[in-house]
Amino acid sequence: LTGSIPSILGALVNAAVLVQGNTMITDQHNSDKISPLSVCSNVPGFDLFHDPSWCPPERNLLRKFYYEAKGQEWTNSTGWVGEFNSHCEWHGVECNEEGLV
């Protein structure tokens, strides 16, 4: 497997997604490792779920906030809930150098 983790994996049910140790997987900017948002939030068997560099907990919490606050209806929701976007790239979200909100 090279490139990004396919977001279709987020639709899997009762599956395990094991990618630990694959150094070829990077985000769209090829700088940080990041998993598709759907994989981090929907696949309980994802082996890197608890690794904050792959699945930042802030991203899952902000995803939940987006849907509960009807983010689809916001005036500007640029970048929000993008599969491969860092939560730090979402409109209105500010992060420190470590990627923490």
Side-chain angles (χ1 to χ4, degrees):
L1 178 64
T2 61
S4 299
I5 298 172
S7 59
I8 192 69
L9 293 177
L12 295 176
V13 177
N14 297 325
V17 179
L18 307 175
V19 295
Q20 190 167 8
N22 186 333
T23 59
M24 301 300 293
I25 300 171
T26 57
D27 72 353
Q28 62 186 352
H29 303 294
N30 293 324
S31 57
D32 299 317
K33 296 176 181 175
I34 194 165
S35 297
L37 186 56
S38 60
V39 173
C40 288
S41 59
N42 295 335
V43 180
F46 183 47
D47 65 338
L48 296 174
F49 176 80
H50 295 290
D51 184 333
S53 65
W54 287 88
C55 293
E58 294 91 343
R59 193 167 67 142
N60 282 337
L61 290 172
L62 287 169
R63 175 188 179 274
K64 184 176 180 178
F65 171 78
Y66 174 84
Y67 287 115
E68 290 183 6
K70 299 184 180 181
Q72 314 87 299
E73 298 174 15
W74 295 350
T75 303
N76 188 345
S77 60
T78 303
W80 278 76
V81 298
E83 282 293 303
F84 294 99
N85 291 357
S86 164
H87 57 285
C88 297
E89 298 173 4
W90 297 356
H91 177 76
V93 175
E94 294 182 15
C95 297
N96 64 15
E97 293 173 3
E98 290 82 35
L100 301 175
V101 176

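When reading the values below, keep in mind they use all heavy atoms of this one structure, side chains included, and skip hydrogens, waters and symmetry mates.
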Q: Testing the basics here: between W90 and L62, what is the closest heavy-atom pair and its distance to 0.1 Å?
A: CZ3-CB, 3.5 Å
Q: side-chain hydrogen bond (donor to acceptor under 3.5 Å, both in side chains) with S77: which residues, sequence neighbours excluded?
A: none
Q: So which atom in E83 and which in S38 form the shortest heavy-atom distance, rounded to 0.1 Å?
A: OE1-OG, 2.8 Å
Q: Who passes side-chain contact (heavy atoms from CB on, under 4.5 Å) against L100, sequence neighbours left out?
A: E58, N96, E98
Q: Say you draw a straight line from NE2 of H91 to OG1 of T75; how long is it, rounded to the nearest 0.5 Å?
A: 8.5 Å
Q: Tell me whether H87 contacts the main-chain N or O of G99 through its side chain, where contact means a donor paired with an acceptor under 3.5 Å.
A: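 Between the backbone of G99 and the side chain of H87 there is a qualifying donor-acceptor contact (under 3.5 Å).
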Q: What do you reckon, is CD of E94 surrounded by more than 12 foreign heavy atoms closer than 6.0 Å?
A: no
Q: Only counting residues at least two apart or in another chain, list the ones meeting side-chain hydrogen bond (donor to acceptor under 3.5 Å, both in side chains) with N60.
A: none
Q: Look at the side chain of W74 and the backbone N and O of Y66, then say whether any donor-acceptor pair between them is shorter than 3.5 Å.
A: no
Q: Determine whether W54 and L61 fall in the same hydrophobic cluster, where Ile, Leu, Val, Met, Phe, Trp and Tyr are linked whenever their side-chain heavy atoms lie under 4.5 Å apart.
A: no
Q: Once rounded to the nearest 0.5 Å, what's the spacing between atom SG of C55 and atom NE2 of H50?
A: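 Result: 9.5 Å between the selected atoms.
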Q: For residues V81 and F65: do they belong to one hydrophobic cluster (side chain heavy atoms under 4.5 Å, members Ile, Leu, Val, Met, Phe, Trp, Tyr)?
A: yes
Q: Indicate the atoms forming the closest heavy-atom contact of G82 with L37, along with that distance.
A: O-CB, 4.1 Å
